[in-house]
Amino acid sequence: MTESAHTPLPTVAQALQQAAAQGLARIDAQMLLLHCVGQGDAGRAWLLTHDNDALTPAQAAQWGQLLSRRLDGEPVAYLTGHKEFFGLSLQVDARVLDPRPDTETLVEWALELLQPLSKPKVADLGTGSGAIALALQHQRPDAEVTAVDASLDALAVASANAQRLQLPVRFVHSSWLEQLEGLFDAIVTNPPYIREDDPHMPALHHEPRQALTSGEDGLDDIRAIAAQAPARLTAGGWLLIEHGWDQAEAVAALLQTAGFTAVQHRHDLAGIVRCTAGQSPTAHSRVQTVK
Ligand code: GLN
């Protein structure tokens, strides 16, 4: 027997200790290890009840690779291939932004505003993995949800998610509202909004730049959406936008300039003013005005 045949394989507990010693967040290590041992759906309690189990050579090799890729900043979701968003399991990879829990705020808000309407028409601009559109369609089976993206790669990911989850979202290849026709009761978007020179950009280098940055002040795409949206909203319809932690006032001003009324904000889970919405100011609203 060679020396290497005696190299002990780490147990579950030792693998987690190794990750902690290298500075990896505990939750990330747990998710990656569950993935390596083929227990991705089991939940973290599985790790506690199996802490003395040794990894197989194949699992140990994959663990080593995922550990170093995560330490290089690759999102856990790309390494495991999926992400939970609003109760749905989405398949994600480097073709799309890793869906953030912050964005659930936008979904919750849209659901509240659409609550009084039956068969609401909704557009999700820059759908990426399909997260927002699919969550809305799942919560509101009667809604007519249209999801657009300028990236064909993103549309491939999103429509595969829709098919797997059997959610009847319609997909359109478009830059924002350019290729859409008809009117929507709500237009919802998590567009790119980071400044080109933002110091956090290097940490996000695994994600598509196109989904993250938007000009010098990060607001180029929000400006385009705010300008296009009034013509595509029903009377009293809403535009809801996710934006950066310091952009709430600038986005509110853009909406007001575009003629929106009832402009208001929502905080994300971390307490950051993360979303701003405005209502299309035409009379005879189909949607109730929310004060
Ligand atoms: N919230 C993400 C981040 O700051 C960015 C998402 C986006 O640009 N839409 O990492």
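Cluster membership check: Leu183 does not share its hydrophobic cluster with Val172, using side-chain heavy-atom separations under 4.5 Å among Ile, Leu, Val, Met, Phe, Trp and Tyr. In the hydrophobic cluster analysis, where Ile, Leu, Val, Met, Phe, Trp and Tyr join through side-chain heavy atoms closer than 4.5 angstrom, Trp245 is grouped apart from Ile241. When hydrophobic clusters are built by joining Ile, Leu, Val, Met, Phe, Trp and Tyr residues whose side-chain heavy atoms come closer than 4.5 Å, directly or via intermediates, Val37 is grouped together with Leu24. Val251 is connected to Leu212 through a chain of hydrophobic side-chain contacts under 4.5 Å among Ile, Leu, Val, Met, Phe, Trp and Tyr, so both are in one cluster. Leu106 is connected to Leu167 through a chain of hydrophobic side-chain contacts under 4.5 Å among Ile, Leu, Val, Met, Phe, Trp and Tyr, so both are in one cluster.
Separating the CG atom in Asp217 from the CD1 atom in Ile194 is a distance of 13.0 Å, to the nearest 0.5 Å. The CZ atom of Arg223 lies 13.5 Å from the CD atom of Gln228; values are rounded to the nearest 0.5 Å. For the atom pair CD (Glu108) and OG1 (Thr103), the distance works out to 11.5 Å, reported to the nearest 0.5 Å. Atoms CG and CD, from Leu219 and Glu216 in turn, are 11.5 Å apart once rounded to the nearest 0.5 Å. Put simply, OG1 on Thr276 and CG on Leu254 are 10.0 Å apart, with the number rounded to the nearest 0.5 Å. Summarising the geometry, atom NZ belonging to Lys121 is positioned 12.5 Å from atom CG belonging to Leu114; distances are rounded to the nearest 0.5 Å.
Contact between Leu239 and Leu255 at its shortest, heavy atoms only, is CD2-CD2, 3.6 Å. Between Pro191 and Trp176, the shortest heavy-atom contact is CB-CH2, 3.9 Å. Between Pro10 and Gln14 the shortest heavy-atom distance is CA-OE1, 3.4 Å. Taking each heavy atom of Glu84 and Gly87 in turn, the nearest pair found is OE1-C, 4.2 Å.
Counting only heavy atoms from C-beta outward, the side chains of Pro192 and Thr213 never approach each other to under 4.5 Å. Within the 4.5 Å cutoff, the side chain of Cys275 has no heavy atoms near those of the Leu240 side chain. Between Asn190 and Asp102, every side-chain heavy-atom pair lies at or beyond the 4.5 Å cut-off. Contact of the Val263 side chain with the Phe260 side chain is registered, since non-hydrogen atoms from C-beta on lie closer than 4.5 Å. Here the side chains of Leu111 and Phe86 are in contact, with some heavy-atom distance below 4.5 Å. In this structure, the side chains of Val169 and Phe171 come closer than 4.5 Å at one or more pairs of heavy atoms. Contact of the Leu136 side chain with the Asp124 side chain is not registered, since no non-hydrogen atoms from C-beta on lie closer than 4.5 Å. Within the 4.5 Å cutoff, no side-chain heavy atoms of Ile187 are placed close to those of Trp238.
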Please list every donor-acceptor pair under 3.5 Å in which a side-chain atom of residues 142-162 meets a protein atom from a residue at least two apart or in another chain.
residue	atom	partner	partner atom	Å
Asp142	OD1	Arg140	NE	2.9
Asp142	OD1	Arg140	NH2	3.3
Asp142	OD2	Lys119	N	2.9
Asp142	OD2	Arg140	NH2	2.9
Thr146	OG1	Arg170	NE	3.4
Thr146	OG1	Arg170	NH2	3.3
Asp149	OD1	Ser151	N	2.9
Asp149	OD2	Thr127	N	3.2
Asp149	OD2	Gly128	N	2.8
Ser151	OG	Asp153	N	3.3
Ser151	OG	Ala154	N	2.9
Ser159	OG	Leu155	O	2.7
Asn161	OD1	Gln91	N	2.8
Asn161	OD1	Arg164	NH2	2.5
Asn161	ND2	Gln91	O	3.0
Asn161	ND2	Ser129	O	3.0
Asn161	ND2	Val157	O	3.4

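Listed for the Gln264 side chain is a donor-acceptor partner under 3.5 Å among the backbone atoms of Ala262. Using modelled atom types, no side-chain atom of Gln62 and backbone atom of Gln59 make a donor-acceptor pair closer than 3.5 Å. Distance alone, capped at 3.5 Å, is enough to place a donor-acceptor pair between the Ser174 side chain and the Gln179 backbone.
Ion pairing between a basic and an acidic side chain is recognised when a charged N comes within 4.0 Å of a carboxylate O; Arg195 and Asp246 show such pairing. With respect to Arg69 and Asp72, no salt bridge is recorded, no charged nitrogen being found less than 4.0 Å from a carboxylate O. At a threshold of 4.0 Å, the pair Arg95-Asp93 counts as salt-bridged, since one of the basic side-chain nitrogens sits closer than that to a carboxylate oxygen. In summary, Lys83 and Glu104 do not engage in a salt bridge, as defined by a charged side-chain N under 4.0 Å from a carboxylate O.
Applying the salt bridge (Lys or Arg N to Asp or Glu O under 4.0 Å) rule to Glu196 yields the partners Arg209; only residues at least two apart in sequence or on another chain are considered. Annotation: side chain to side chain donor-acceptor pair (under 3.5 Å) contacts of Asp51 (sequence neighbours excluded): none. Taking Asp28 as the reference, Arg70 meet the salt bridge (Lys or Arg N to Asp or Glu O under 4.0 Å) condition, with sequence neighbours excluded. Partners of Arg232 under the salt bridge (Lys or Arg N to Asp or Glu O under 4.0 Å) rule, at least two apart in sequence or in another chain, do not exist in this structure.
Judged as a ring pair (Phe, Tyr, Trp, His ring centres under 6.0 Å), the pairs with a partner in residues 34-65 (not counting sequence neighbours) are, in order, Trp46-His50.
By the 6.0 Å contact criterion, CD on Gln256 is enclosed, its count of non-hydrogen atoms from other residues, nucleotides or ligands being greater than 12. Counting heavy-atom neighbours within 6.0 Å of Gln22 CD, excluding the residue itself, gives a total above 12.
Considering Val96, Leu134, Asp98 in turn, Leu134 is the only one that fulfils the side chain to side chain contact (heavy atoms under 4.5 Å, CB included) rule with Leu90. Exactly one of His267, Arg266, Glu242 qualifies for a side chain to side chain contact (heavy atoms under 4.5 Å, CB included) with Thr105. That residue is Arg266. For the side chain to side chain contact (heavy atoms under 4.5 Å, CB included) with Ile132, the qualifying choice from Leu125, Thr189, Val188 is Val188, the only one to do so.
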Report task. Under the side-chain contact (heavy atoms from CB on, under 4.5 Å) rule, what do Leu16 and Leu33 come out as? Steps first, then yes or no, please. Result -> CA-CA 8 Å; Leu16 291 174; Leu33 190 55; 3.8 Å; yes
- Give the intermediate values and the outcome of side-chain contact (heavy atoms from CB on, under 4.5 Å) for residues Arg44 and Ile27. CA-CA 9 Å; Arg44 289 182 283 153; Ile27 175 80; 3.5 Å; yes
| message | Is there a side chain to side chain donor-acceptor pair (under 3.5 Å) between Asp221 and Ser214? Walk through the geometry before answering. | response | CA-CA 6 Å; Asp221 288 296; Ser214 187; 2.6 Å; yes
side-chain contact (heavy atoms from CB on, under 4.5 Å) between Val92 and His82, intermediate numbers included = CA-CA 5 Å; Val92 296; His82 60 87; 5.6 Å; no
Go through it in stages, so that I can follow the logic: the residues are His138 and Leu165, the test is side-chain contact (heavy atoms from CB on, under 4.5 Å), and I'd like the CA-CA distance, side-chain angles, deciding distance and then a yes or no. CA-CA 9 Å; His138 186 233; Leu165 296 166; over 6 Å; no
